[in-house]
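Reading through the structure tokens given below for one structure.
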Amino acid sequence: EVKIEIFRVKVKNWQIGEHRSPFKGSGYEIHSINKRQPGQPFTNIEWNMSLRTYPRKIYRIERIEPENAPTILVADISPSIFVEVDRQASRFRLLLHLIGGLGFAANYFHDPVGVLAVAREIEFYLRPKLGQGHLMYAVRLILEKAEEFGKNPNRPSPFSGGINSALGMLLSTLHWQCSIVLLSDFSNEINGESEIDFKTMETLSSLHHWNVIAVFLDDPWEFAWQYGQGVVRIKNIETGLVEKIKASQAGKIREVFVKRREALREKLAQTGVDSVVLSFGDHFDQLSQFLSERKTTR
């Protein structure tokens, strides 16, 4: 049985991307107004201008764009996310908290929220929509995936499209400015089992005014073993591969992992994607500080 936690966070400073209008609420920004040509539909008429010259000239809004900035949350729900050393401070619980916090923040600014869940491939995509009900439905779908993993945690799950599938879909689907947040441990990319399509990442980031950020979900307890002797069996939950390592090597494994993660963050920065590493505990404060600092430097 899984319970959904309802919590409140301070979201006034959690504005991920720039907004086109200083006013809250839905609306449109007009990009061009032209004279209506014969045969064109009588839609999007600019009446303030047209009433002065009607019926000789009728002016029509050719292109309008929403003033709000939809937020797309890309949630990694591959098996490594569900592995728990401490259930109260797991990556999965951190993922749910961040989806809730970022989603509520977007609702505060009247921005619709979409959720794209990926594992080996795209699991589901909920188009941007306003309202907490839409957000909680996404959380329930993710909880169902967690329950499926709990029933069969030993099933190997070879890597396939993952993050790159999400990037490709967003690049072809989103035709207006959005704020995109990638929530993942990026374990496959850090361990060299796969590689991010940095060209697609850079294209996506530039098209959305550099409002793509990556949040690395971290679990510092994963290799925090208290004993230094003996042999420990570890398993790659993504592939099912089991190997034995010396318990005393846990600290070095963690150091290598962190070093590779920082190298990946540097590559993301070169594509215009800012990133932050969060672990459960003070994650909301750390995220708030990251977004505030990012806003002042953009």
Side-chain angles (χ1 to χ4, degrees), residues 11 13-18 69 71-78 80-81 90-103 105-106 113-118 162-168 170-171 174 177-220 222 254-298:
V11 299
N13 294 325
W14 281 26
Q15 190 170 336
I16 301 169
E18 295 181 358
T71 297
I72 307 296
L73 304 178
V74 180
D76 179 3
I77 55 172
S78 57
S80 61
I81 294 295
S90 68
R91 281 186 294 256
F92 180 55
R93 191 179 183 194
L94 174 61
L95 173 67
L96 296 181
H97 272 227
L98 292 176
I99 290 175
L102 289 167
V113 181
V115 180
L116 173 60
V118 296
I163 294 295
N164 287 336
S165 296
L167 296 178
L170 294 176
L171 188 61
L174 302 179
Q177 181 187 346
C178 295
S179 299
I180 302 171
V181 185
L182 306 174
L183 302 167
S184 174
D185 59 0
F186 295 94
S187 61
N188 286 304
E189 292 75 18
I190 293 173
N191 293 324
E193 297 165 6
S194 62
E195 186 174 354
I196 292 177
D197 186 343
F198 291 104
K199 184 176 181 179
T200 301
M201 180 75 81
E202 184 173 14
T203 302
L204 184 69
S205 182
S206 63
L207 288 175
H208 294 279
H209 297 187
W210 314 109
N211 287 324
V212 178
I213 66 174
V215 178
F216 285 72
L217 309 179
D218 188 34
D219 184 357
E222 195 166 33
R254 173 69 180 177
E255 290 178 6
V256 171
F257 181 84
V258 171
K259 185 176 180 179
R260 290 177 177 174
R261 183 175 64 195
E262 291 306 306
L264 176 57
R265 292 183 64 195
E266 290 180 4
K267 288 184 177 180
L268 289 174
Q270 293 173 4
T271 67
V273 176
D274 296 328
S275 65
V276 62
V277 179
L278 299 179
S279 56
F280 195 92
D282 61 348
H283 47 287
F284 285 141
D285 291 336
Q286 292 294 326
L287 180 59
S288 180
Q289 180 179 351
F290 165 71
L291 293 176
S292 298
E293 292 175 354
R294 180 175 182 270
K295 186 176 180 180
T296 59
T297 57
R298 285 289 175 180

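As the structure is a prediction and not an experimental result, all values here were calculated from the model.
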Query raised in the report: At what distance, to the nearest 0.5 angstrom, does CG of L174 lie from CG of L204?
Result: 7.0 Å
**Report entry** Minimum side-chain heavy-atom gap D219-L94 below 4.5 Å
**Finding:** no
Query - pair E193-S187: side-chain heavy atoms closer than 4.5 Å - result: no
Query raised in the report: Is the closest side-chain heavy-atom distance between D218 and H283 below 4.5 Å?
Result: no
Query - Inter-residue atom distance I180.CD1 - S205.OG, 0.5 Å rounding - result: 8.0 Å
Query raised in the report: Which value, rounded to the nearest 0.5 Å, describes the distance between R265 atom CZ and D274 atom CG?
Result: 9.5 Å
Query raised in the report: Are F290 and I213 close enough that some pair of their side-chain heavy atoms sits under 4.5 Å apart?
Result: yes
Report task. For N191 and R260, indicate whether the former's side chain and the latter's backbone hold a donor-acceptor pair under 3.5 Å. Result -> no
Requested in this report: Look at the side chain of N188 and the backbone N and O of S194, then say whether any donor-acceptor pair between them is shorter than 3.5 Å.
Outcome: no
Query raised in the report: Could you state the interatomic distance from NZ (K267) to CE (M201), rounded to the nearest 0.5 Å?
Result: 12.0 Å
Requested in this report: Identify the two heavy atoms, one from R91 and one from L217, that lie closest to each other, and give their separation to 0.1 Å.
Outcome: CD-O, 3.3 Å
Query - Basic-acidic side-chain contact under 4.0 Å: K199, E202 - result: no
Query - Listed partners of F216 passing ring-ring contact (aromatic ring centres under 6.0 Å, His included), at least two apart - result: F186
Report task. Determine yes or no for a side-chain-to-main-chain donor-acceptor pair under 3.5 angstrom, with D282 supplying the side chain and D285 the backbone. Result -> no
Query raised in the report: Can you list the residues that meet the side chain to side chain contact (heavy atoms under 4.5 Å, CB included) rule with Q270, with sequence neighbours excluded?
Result: none
Query - Approximate separation, where rounding is to 0.5 Å, of I72 CD1 and C178 SG - result: 5.0 Å
Query raised in the report: For the atom pair CG (L102) and CG (L98), what is the distance rounded to the nearest 0.5 Å?
Result: 6.0 Å
Query raised in the report: So which heavy atom on G103 is nearest to which on V113, and how close?
Result: O-CG2, 3.8 Å
Query raised in the report: Of the options V212, L182, V273, which is the one that meets L268 in a side-chain contact (heavy atoms from CB on, under 4.5 Å)?
Result: V273
**Report entry** Heavy-atom check, side chain of V74 versus side chain of L167, under 4.5 Å
**Finding:** no
Requested in this report: Report yes or no: do S184 and D76 form a side-chain donor-acceptor pair below 3.5 Å?
Outcome: yes
Query raised in the report: Where the side chain of S288 meets the backbone of F284, is there a donor-acceptor pair that is under 3.5 Å apart?
Result: no
